[in-house]
2 protein chains.
Amino acid sequence: MHSSEDTRQRLIETAGPIFAEKGFRATTVREISERAEVNLASINYHFGDKESLYLATVHHAGLTCQQRIPLPEWEPGTPPAQKLHGFITVFLNRVAVDHEPVWIGQLITRELIYPTRACEHFVREFARPNFEMLDQILCELLGPDVPPTKRQLVIFSIIGQCLHYRFCRPVIHALLGPEEFAKYNVELLSNHITAFTLAALATLRRDERTIEVPS
Amino acid sequence: MHSSEDTRQRLIETAGPIFAEKGFRATTVREISERAEVNLASINYHFGDKESLYLATVHHAGLTCQQRIPLPEWEPGTPPAQKLHGFITVFLNRVAVDHEPVWIGQLITRELIYPTRACEHFVREFARPNFEMLDQILCELLGPDVPPTKRQLVIFSIIGQCLHYRFCRPVIHALLGPEEFAKYNVELLSNHITAFTLAALATLRRDERTIEVPS
DNA sequence: GAGTGTATCAAACACTTGTTTGAAGTCAAC
DNA sequence: GTTGACTTCAAACAAGTGTTTGATACACTC
């Protein structure tokens, strides 16, 4: 007889990759219990039902993600451009590229696109902190005069660029071919997205000023 | 007795929204046949099996999308910045926002993220033409000296910004609240993404030149 | 060592799934 | 009117689904 916690943990870590690959619906409790080498009834015994196991798995994914790749903390006085680069690198590592364990990023993005009942918890614990950290960085970059609506659009432009390499990974692979695709590591993408964004902000900030203080 | 083509068409148009909302696996042939008001066996009779109906639905979605919102054609001499704005507007209308009929964009993006056997056809007929049109516009915008790898990254930055409003729609809604979210129409998004991209390209082009022709 | 709470196990259960079947209906051609 | 090809229909089928059950095995307490 094993401890209850052992079996729970083994079920979660076995179910994670399967849920991430196939989604909740297409995953069967039989496959999970066989791969975890536990009895079929264990899932219901320890979690109640399949959905509760799924929610526990998503929760575990979020926690593990934040532990393994924490949001950076900066010394006071760190230039905001450097902060932006740090944030984008962390974000790409977290969800956009295949960081070990692979399934965590996959499961999180699955929840992003087709939210289940885990959604509220997810926005609160995951999306919102990222959103606000980016907003803070943009405040420093753009100054206080830029309206919040504009900052929001810029935030989504940044996140959108990062997530694209997760969502459309199969299509990108098909478009570029395997050898070109292999070059796309975190560093390359992070440098590009940071440079692209900073370049855009530089021009936007200049335009913003010319609008506010016309010639 | 109805004509064979009538029933086929009705099945496709009924199945489309359901597949788009729930995905292939979670959609049942019983729901489709009931909503289409045809007999349960009709799906197998007319399409062979459920998967063939799905493939036909995806195919129909792609065709409808290209017919209703065709890629723009421009007079010779049209400034590339204007082309870029036109392209982004079309792309947002096609997949990113809820253009009627809603399910077409949803189904297409579903296929983008979790490609099924319809994927190859999809890249060839849909993704590749968009990719090459954007590449052409960027050639005009950036000049011939910018390496293809750089153009690819810019393309993905543009597409990523657009698709984000489709993929992360629920999260964006949760982050902003309904009243702020309601402001996000195609025009606003298209203007922002175009301005953001052109601003970035302006700076990148300048840097590219300074690197190539140092002081 | 009997008793107790807990975890595991094989088997069965109730239900849903996609698919098949054979009869019945429908329309056009002859 | 009969034939024949095509379509629809209700019913059944076989396989797979999540869940429940009652028995069994284990570790610990008294």
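This is a predicted model, so every value here is computed, not measured. First the proteins, then the strands, lettered A, B, ... as listed; each starts at 1.
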For a quick test of reading the model, state the closest non-hydrogen atom pair linking B:A61 to B:W103 and the distance between them.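 Reported closest heavy-atom pair: CB-CZ3, 3.9 Å.
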Can you measure [X] atom [atom1] to [N] atom [atom2] for me and round it to whole angstrom units?
X     : N      : atom1 : atom2 : answer
A:D6  : D:dA27 : CG    : P     : 14 Å
B:Q9  : D:dT7  : CD    : C1'   : 17 Å
A:L40 : C:dA7  : CG    : P     : 18 Å
A:L11 : C:dT8  : CG    : P     : 9 Å

request  = Please determine, for the side chain of A:R30, which listed nucleotide (C:dG18, D:dT17, C:dA10) has the closest atom?
outcome  =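 Among the listed nucleotides, the one closest to the side chain of A:R30 is D:dT17.
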Which nucleotide in the list C:dT19, D:dT19, C:dT17 gets nearest to the side chain of A:V29?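 Of the options given, the side chain of A:V29 lies nearest D:dT19.
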Does B:E31 pair with B:R35 as a salt bridge, N-O distance under 4.0 Å?
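Answer for the salt bridge query: yes.
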Which residues in residues 42-51 of chain B have a heavy atom closer than 4.0 Å to any atom of DNA chain C?
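Output list: B:N44, B:D49, B:K50.
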Worksheet item: Can A:S52 and A:D49 be counted as having a side-chain donor-acceptor contact under 3.5 angstrom?
Response: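 A:D49 and A:S52 do have a side-chain donor-acceptor pair below 3.5 Å.
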- [ ] Calculate, to the nearest 0.5 Å, the distance between atoms CD1 and SG belonging to A:I159 and B:C168 respectively.
- [x]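 A:I159 CD1 to B:C168 SG: 8.5 Å, rounded to 0.5 Å.
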### Task
Starting from the 5' end of DNA chain C, give me the residue, A:N39 or A:R25, whose nearest nucleotide shows up first.
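The residue closer to the strand's 5' end, by nearest nucleotide, is A:N39.
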* With a 4.0 Å cut-off on heavy atoms, is A:T27 in touch with a base, just the backbone sugar-phosphate, or nothing at all? ->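 Result for A:T27 = sugar-phosphate.
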query = Taking OP1 and OP2 of D:dT8, is either one under 4.0 Å from a side-chain nitrogen or oxygen of B:T7?
reply =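 For D:dT8, OP1/OP2 do have a side-chain N/O of B:T7 under 4.0 Å.
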Aromatic plane relationship, A:H164 with B:F156 - under 30° parallel, 30 to 60° tilted, over 60° perpendicular: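 The rings of B:F156 and A:H164 sit tilted, inter-plane angle from 30° to 60°.
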